[in-house]
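When reading the values below, keep in mind they use all heavy atoms of this one structure, side chains included, and skip hydrogens, waters and symmetry mates. Residue numbering restarts at 1 for every chain, and letters A, B, ... go by the order of the sequence lines.
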Protein chains: 2
Amino acid sequence: MQTDDLTGDDLVGVLATLANPHRMRVLAALAGGRNYVSQLARELGISRALLQVHLKRLEKAGLVSATLELSEDGKAMKFYEVTPFELHLTPQALAAAALTLTDPNDVEKD
Amino acid sequence: MQTDDLTGDDLVGVLATLANPHRMRVLAALAGGRNYVSQLARELGISRALLQVHLKRLEKAGLVSATLELSEDGKAMKFYEVTPFELHLTPQALAAAALTLTDPNDVEKD
DNA sequence: GGCACGTGCAAAAGATTATTGGCAGGTGCT
DNA sequence: AGCACCTGCCAATAATCTTTTGCACGTGCC
């Protein structure tokens, strides 16, 4: 994942996702290796519910990916890992991204 | 300005600032050259009040800087220009930044 | 059955952002 | 004086994000 293969809107989404202390810590933790939800929650010292919300946001932004696995003793465990990415942000890169932003005047609701 | 001379908290602030379509357009416009508030508002097609708020946020994040100047005919005009920056975001860079995040358990209110 | 693990989801409350509209001030020109 | 520019700020609303609490479901083991 790279700066210029994202649309302006997607880039905004990714940046918004990164701009949160919890999610930054989650990403940091996963950068050290894959992990499953409950364990990750314990390591970060936050509730599982809260972590889930953040993980979903990270996943939607494409920054992490999940795999549901069965442990040896038969428990369903969801492992997350970081998607490698490399965003290079400069005024020029942002100017280019801005060109592909959705015009607020023709946004359609579902 | 670079990724690793920011604290984790500052980085979160910068990312949050960038993660907005209006601000991205403002930055894009200023990347093409300095400009003053009213003119910029006209070019972007947004209200001056709204632009001001976004410019302040950009300035607080250190992404733009302002200069108050007097035009030839005596009018006070505030010119903004982009601060050159180059943020390189990777899982590793974020992991490093996460180490300097403020612990939510010892935040003090004013 | 009762625990100790794992998962998921959703409603509600709290906190923060985004946006508008109005009003203040200033200059110079006719 | 009245108009056309420039600036700044604030109060109120609307919209969005964050966090908690509680419930549901599953497994294996004593």
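An OP1 or OP2 oxygen of C/dG6 is reached within less than 4.0 angstrom by a side-chain nitrogen or oxygen of A/Tyr36. Phosphate proximity of D/dC9 to B/Lys56: present, with a side-chain N or O under 4.0 Å from OP1 or OP2. For B/His54 and C/dT17, the shortest distance from a side-chain N or O to OP1 or OP2 is not below 4.0 Å. Residue A/Arg42 has a polar side-chain atom (N or O) positioned under 4.0 Å from OP1 or OP2 of C/dG6. Between A/Asn20 and D/dT18 there is a side-chain polar atom (N or O) within less than 4.0 angstrom of OP1 or OP2.
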- Query: What one-letter contact string describes nucleotides 22-30 of chain C from 5' to 3', where B marks a base within less than 4.0 Å of any protein heavy atom, S marks contact via sugar-phosphate atoms alone, and - marks no contact?
  - Reply: -----BS--
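The residue among B/Gln39 and B/Val53 whose nearest nucleotide of DNA chain D lies closer to the 5′ end is B/Gln39.
Going from atom CG of A/Leu50 over to atom P of C/dG14 covers 17 Å, rounded to whole Å. When rounded to the nearest whole Å, the span between CG of B/Leu40 and P of D/dC5 equals 17 Å. Spacing between atom OH of A/Tyr80 and atom C1' of C/dT7 amounts to 10 Å, rounded to whole angstrom units. The NE2-P distance, from B/His22 to C/dA18, rounds to 9 Å in whole Å. D/dT21 atom C1' lies 16 Å from atom CD1 of A/Ile46, rounded to whole Å. For the pair A/Gln52 CD and D/dT21 C1', the interatomic distance rounds to 14 Å; values are reported in whole Å. In this structure, CE of A/Met77 is placed 18 Å from P of C/dA4, rounded to the nearest angstrom. Atom-to-atom, CG of B/Leu68 to C1' of D/dC6 comes out at 10 Å; the value is rounded to the nearest Å.
Closest of all the heavy-atom pairs between A/Ser38 and A/Arg48 is OG-CD, 3.4 Å.
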- side chain to side chain donor-acceptor pair (under 3.5 Å) between A/Ser71 and A/Asp73, worked out: CA-CA 5 Å; A/Ser71 67; A/Asp73 56 335; 2.5 Å; yes
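Across A/Leu11, A/Leu6, A/Thr7, a single residue satisfies side chain to side chain contact (heavy atoms under 4.5 Å, CB included) together with A/Thr100, and that is A/Thr7. When each of B/Leu51, B/Leu63, B/Asn35 is paired with B/Val26, the side chain to side chain contact (heavy atoms under 4.5 Å, CB included) condition holds for B/Leu51 and for no other.
Between A/Glu81 and A/Leu30 there is no side-chain heavy-atom pair separated by less than 4.5 Å. Counting heavy atoms from C-beta on, the side chains of A/Lys78 and A/Thr67 never come closer than 4.5 Å.
Taking the six-membered ring where tryptophan is involved, the planes of A/His88 and B/His88 are essentially parallel, since the angle between them stays under 30° and well short of 60°.
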